[in-house]
Undergrad: 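Quick one: the structure is below, questions incoming.
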Amino acid sequence: MSDTPHTAPRGRIDWADPALSERLRLRKRRQFWLKALGLGAVGVAALMLFVLIASLVVTGYQAFRQTHATIEVNIDPFQVDPANIRGGNFDDIIETAILAYFPDVEAPGEQREIVRILSDGAEFQLRDRVLDNPELIGERVSITVPLSDPYDLLNKGLIDRTTPEENRRLKDDQIARFDTLAEAGIISQPLNTALITNADSRFPELAGLKGALVGSFYALATCFLLAFPVGIGAAIYLEEFAPKNRLSDLIEININNLAAVPSVVFGLLALAVFIGWFGLPRSAPFVGGMTLALMTLPTIIIATRAALKAVPGSIREAALGVGASRQQVVFQHVLPLAMPGILTGTIIGLAQALGETAPLLLIGMNAFITSAPETPFDSATALPTQIFIWADSPERGFVSRTSAAILVLLTFLVTMNALAIFLRSRFERRW
Amino acid sequence: MNDMRMTERARLMQDIKISARDVNVYYGATRAINDVSIDIRDKTVTAFIGPSGCGKSTFLRCFNRMNDTIESARVTGTIELDGRDIHAPDLDPVQLRARVGMVFQKPNPFPKSIYDNVAYGPKIHGLAASKADLDDIVERALRRAALWDESKDRLTASGTSLSGGQQQRLCIARAIATEPEVLLMDEPASALDPIATAQIEELIDELKENYCVVIVTHSMQQAARVSQRTAFFHLGDLVEYGDTGQIFTNPKNERTESYITGRIG
Amino acid sequence: MTLFAFVLLFTATVLAYLLNLRAARALRAGGARLHSLGGFHGGFAALVTLLPALVFLLAWLLLKEPAITVLLLRTLPEAEIAGLGTGERQLIISEIRTIAGGRIFGSPAEWKIEAADRLLAMRRTADYLMIALTALLAGGSMVIARRRVTPDFRARQGTEGILHGLMAFCATVAIFVTLGIVASLLFETIRFFQMVPVTDFLFGTNWEPQIPIREDQIAAEGAFGWIPVFLGTLVITVVALFIAVPVGLMSAVYLHEFASRRFRAAAKPVLEILAGVPTVVYGFFAILVVAPALRALGDMLAIPIAPNTALAAGGVMGIMLIPFISSFADDALGAVPRSLRDGALALGATPAETMTRVLFPAAIPGIVGGVLLAVSRAIGETMIVVMAAGLMAKMTLNPLDSVTTVTVQIVTLLIGDTAFDNPKTLAAFALGMMLFIVTLLINILALRIVRRYREIYD
């Protein structure tokens, strides 16, 4: 072989050769399979998202409605003293009203069962109404109160009447009593506004997200007020002023690593430092916000630096050229131009913070609190921790409420991200 | 009419390898090539010259359908290789590219060994019957690319460890290892120093013995040195096409003359 | 009161700004040539007034309660608190605080009610003191700043100097956070190792953190060997990677090389939404859908699957990591120069061959970096496992079994119990320390690989 001149071409290749065509066919088939596999992978991801959303919607949509009963109550002045409305005997009033639908029932045990059809919150609802309007005392008014959880589930079809009685949460006689009320036409299923206007409760039919929403708002506001200025300050310094030395490198590495520290570690930090050493209150949205700020800081710094970097050097040179100081250049020219990018990054960072759960658990924002916090220093829950609490609750009614709460949370996240995308597309400049 | 008969005769007298008719290339809405028709001879070096942005590279990439790999690009018109339409449905772009090799502006060896770089084409197309056969193919290609002597002792070294000029010769070896019929070169020496450029030009001259070589260059001296035929492109038009000597000494078109004498470009 | 202090401070700041601005304008109106614009004089005054008082105010707020507590402890009757441990003292303090807050349960001892009154008095004094000192500090700074208004004063340099320092401080906050993490973890971990030997923790194969019922029972009952906990973390991580790596990589390959632009535009948001779903939602998904489905599957195939099987938590974590891996792989593939792709295609390689033989191998370092970051995410992920994984630590590698993880243990040990003096609580910090170290090492390695890889092609 070494005798042949090795610089000559080997001669034309006959591409029509069946062996080569067969090979090409095989190669094409391999390509087809790779593509199919890839498409399958994308399909798996999309399917998972679909199943996730669908399961939440299927279990959660029921919680946006709540079964109520409209009953006629007689606010007897003998039972409610206008001078001491709070001490009024509202449970008796409600009891009388509901028992009116069952004139034949006299056994006290059965009567108690009937009263349990209504939620425990009914008497407080009546009390609040009378407190608002004391003239109602002595009147006969109609009031719409929530049913308790099992009957709510029954009305929504979540308790199957065909399952054998011993496996059913409501027995035949309980269902019969509910049907009596339904036939009387007092059962309705209006929009469940309590989901937004009530705070947490042991009873699913009364539990709402108000406390969690307010808590999350306070925490996010704290997070924003701390992380936004500090993050922008740090980013401007690192991008525009920092000398290139080991300290700057160290800070840079530090920020990148901080962005990847597990969130639960931030919770440990907050627990040990904010609560343990500084004695700040547990479960307070303010402390939660401080913790979230530490986690959001790297995101904001990284986004701000990217936005600053995107402003072309010619702008800086132009401003320097007319005699502006370096800080004037940054604050009057570069920063305004970078602002849309900074805001986009900040909103995305805040959206992440809104969904963050683990660090808030460690600082006790999973407490059971039945009123919305009045200040950022009061005990409260946040949306994600409320979801965690409800997901952990044994009552059936909390399953759909957890899904509903998740849908509320996801709505906020989608809105925030849509806002970020809008900002980016509306104000982004291409240089 | 007269024009038509001229090309007919040219096809008979000369061996026409590639024949393009009314080729347009669009990038999205903008048209980069306007109605270009050209016949390219076999065993000849044809140079495409013109100012940057005139579309000469875009046009070159039509010949091996590399424009297909750019999502926004669209090609119309017919291009024939040996009288067969390269856009014909039964002609696979994969096979077409094995027959029409290409060397790029920047040397782009794969981050693999020198041997694997050259063996890559023959391997995927199944051109080697055995390991010894593959060795033979690699050796021939490297010899023809004038890289054998420098690389025979370190075939397992990474292709990226070579110098710029060597890398470009490696890319030429890689392209000719599949025994292509046409070799497209997109400014193959623009990223190289003068000595490496001279080596590449020498190589191109030798390659024309066996191949139809089409080279895009923005250096008129290079076109004059290596090519027998020259086509001048300007703003997406083929302005003038003829023997290299004639184009450089006696251009017929005013625009060509302006470019040759340095008034545009 | 606090709010009032802040309002006071910000009023003073605005006042200082206006004062110096007017002073500077007056000078100029009087014919003097000022070095700096009036705005800079005002800004200088505002910063000088605001900063010292603000630092004081924040420090006061942070240190007020601890200081009051110390003072309060001293006033308590010696006879009542003699010989009590820190835990019991804390209990007494919090009871006194509750009484001071107006919520009285049962009938507390007389001395506690007196202490509560003292606590309230102390707090009141502290508040007045805070307001007075803030006012003094802000006012003093204001006067000093006002004196500086002269034609020669370089107010611009002064203002910019302060701002420069402020920004530099902001930049170092990141370092302080890291130091804070290390310090807090280290401090509590050392206290833990004073109660439980280091070797027991690092090499022990038994994890049973018991609640000590009496002080003298500490560490006698519990076993604190972290190996089974870490093993459980690994099992779940491996399960997660089994799902996330193939699906993530293949979808990145498809979207990067084969998908049409319109398909990509539709598929990217799907991945972005998956990436944006909070982990608590994934956790609920695991217990609502995945775990029951797996159990049903197990019943059908007659395979015993534990109710809290690692498959459920790991699988859902895998779904969570799909977009993570896919975006890293996409970046890595995008960083491979286009010329390599062109080179392969020009040789007649099919797009699939270009991908598998050229692009993918060239992108492997970047992809490995991304997968490592995903591993660190999986190890540190908390909510999914807290909701869907088990609580019992077992020495098992069986993904069908129920396992626990480091993060689950941290959360369970710390929920509802914050006395910092028993090994059960402190063990959480020791686990946190290990978690921090392990993820930090992986992150550093991954970031280094990714960065070095980018440098090759830049």
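Residue numbers begin at 1 in each chain, while the letters A, B, ... track the order of the sequences.
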Undergrad: Going by the salt bridge (charged side-chain N to carboxylate O under 4.0 Å, His left out) test, name the single residue among A/Arg23, A/Arg27, A/Lys28 that passes it with C/Glu353.
TA: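 It is A/Arg27, the one option of A/Arg23, A/Arg27, A/Lys28 that forms the salt bridge (charged side-chain N to carboxylate O under 4.0 Å, His left out) with C/Glu353.
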Undergrad: Where is the tightest heavy-atom contact between A/Ala272 and C/Glu188, given as atom of each residue plus distance?
TA: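 In terms of heavy atoms, the two residues are closest at CB-OE2, 4.2 Å.
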Undergrad: Side chain, backbone, both or neither: which part of C/Thr350 has an atom under 4.5 Å from a heavy atom of chain A?
TA: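 Both the backbone and the side chain of C/Thr350 come within 4.5 Å of chain A.
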Undergrad: So which atom in C/Ser376 and which in A/Ala260 form the shortest heavy-atom distance, rounded to 0.1 Å?
TA: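 What the structure gives for the nearest pair is OG-O, 4.2 Å.
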Undergrad: Which atoms of A/Phe266 are under 4.5 Å from chain C, going by heavy atoms: the side chain, the backbone, both sets, or neither?
TA: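 Contact with chain C: side chain only.
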Undergrad: As an exercise, state the distance from OG1 of A/Thr402 to CD1 of C/Ile287, rounded to the nearest 0.5 Å.
TA: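 Going from the OG1 atom of A/Thr402 to the CD1 atom of C/Ile287 covers 8.0 Å.
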Undergrad: Between A/Ala45 and C/Leu271, what is the shortest heavy-atom contact and its length?
TA: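 A/Ala45 and C/Leu271 have their closest heavy atoms at CB-CD2, 3.9 Å.
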Undergrad: Which heavy atom of A/Ile255 sits nearest a heavy atom of C/Ala174, and at what distance?
TA: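 Here A/Ile255 and C/Ala174 meet closest at CG1-CB, 3.6 Å.
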Undergrad: To the nearest 0.5 angstrom, please state how far the OG1 atom of C/Thr189 sits from the CG atom of A/Leu268.
TA: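 C/Thr189 OG1 to A/Leu268 CG: 9.0 Å, rounded to 0.5 Å.
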Undergrad: To the nearest 0.5 Å, what is the distance between CG (A/Asn366) and CD1 (C/Ile415)?
TA: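 Interatomic distance, A/Asn366 CG to C/Ile415 CD1, rounded to 0.5 Å: 4.5 Å.
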Undergrad: Measuring heavy-atom distances to chain A, does C/Ser326 have an atom under 4.5 Å in its side chain, in its backbone, in both, or in neither?
TA: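 Contact with chain A: none, neither part.
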Undergrad: Would you name the heavy atoms of A/Leu269 and C/Ile181 that are closest together and state the gap between them?
TA: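 Minimum heavy-atom separation between A/Leu269 and C/Ile181: CD1-N, 3.5 Å.
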Undergrad: Measure distances from A/Leu37 to the heavy atoms of chain C and classify the residue's part below 4.5 Å as side chain, backbone, both or neither.
TA: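 Backbone plus side chain of A/Leu37, per the 4.5 Å heavy-atom cut-off to chain C.
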